[in-house]
Amino acid sequence: QVQLVESGGGLVQAGGSLRLSCRAPGRTFGSYTMGWFRQAPGKEREFVATISWGGGSTYYADSVKGRFTISRDNARNTVYLQMNSLKPEDTAVYYCAADPSLGVLTTPGDYDYWGQGTQVTVSS
């Protein structure tokens, strides 16, 4: 079992920035692919970004490409999502996910472990 704890959500004005963190306390997750997803009210959970075990490979949804950056610090058991130029449509609960599989994992079913989510609200 992998426990994931997200933090860093909040309220920000359009054009602003936030950095989300996801930590796996007491667990070395250097051998897990990590992902970020989001879910707005009344909508399905959607892929945001993913990063490979060592951090050398990343992949983004078109809607966030060029604005969001995923990174990881395996020594700190933490993955980050830097979100810049935020838009009201980025408002959602953001979830961190982990899976021991290799590859570009972009659907919720690809991941075995999930955090509890953190709310991001972007005001216009």
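Counting begins at 1 with the first residue of the sequence. All heavy atoms count here, side chains included; hydrogens, waters and symmetry mates do not. These numbers come from a predicted model, not from an experiment.
Note that CG of Leu105 is 11.0 Å distant from CE of Met34, once rounded to the nearest 0.5 Å. A distance of 5.5 Å separates CZ of Arg38 from CZ of Phe68, quoted to the nearest 0.5 Å. A distance of 12.5 Å separates OH of Tyr94 from CD of Glu6, quoted to the nearest 0.5 Å. Between Glu46 atom CD and Ser63 atom OG the span is 5.5 Å, to the nearest 0.5 Å. Summarising the geometry, atom OG belonging to Ser123 is positioned 5.0 Å from atom CD belonging to Gln13; distances are rounded to the nearest 0.5 Å.
Using a 4.5 Å cut-off on side-chain heavy atoms (C-beta onward), Trp36 and Leu20 make contact. At a threshold of 4.5 Å between non-hydrogen side-chain atoms, the residues Leu86 and Leu18 count as touching.
Residues Asn84 and Ser17 have side chains that bring a donor and an acceptor to within less than 3.5 angstrom of each other. At a cut-off of 3.5 Å, with distance as the only test, a side-chain donor of Tyr111 or Thr50 sits close to an acceptor on the other residue.
The six-membered or imidazole ring of Phe47 lies near that of Phe37, with a centre-to-centre distance under 6.0 Å.
Distance alone, capped at 3.5 Å, places no donor-acceptor pair between the Asp99 side chain and the Gly109 backbone.
For the pair Arg72 and Trp53, the NZ or CZ position fails the cation-pi test of under 6.0 Å to the six-membered ring centre and within 45 degrees of the ring normal.
Between Tyr113 and Tyr32, the angle of the ring planes goes over 60°, which puts this pair in the perpendicular group of the 30/60° scheme.
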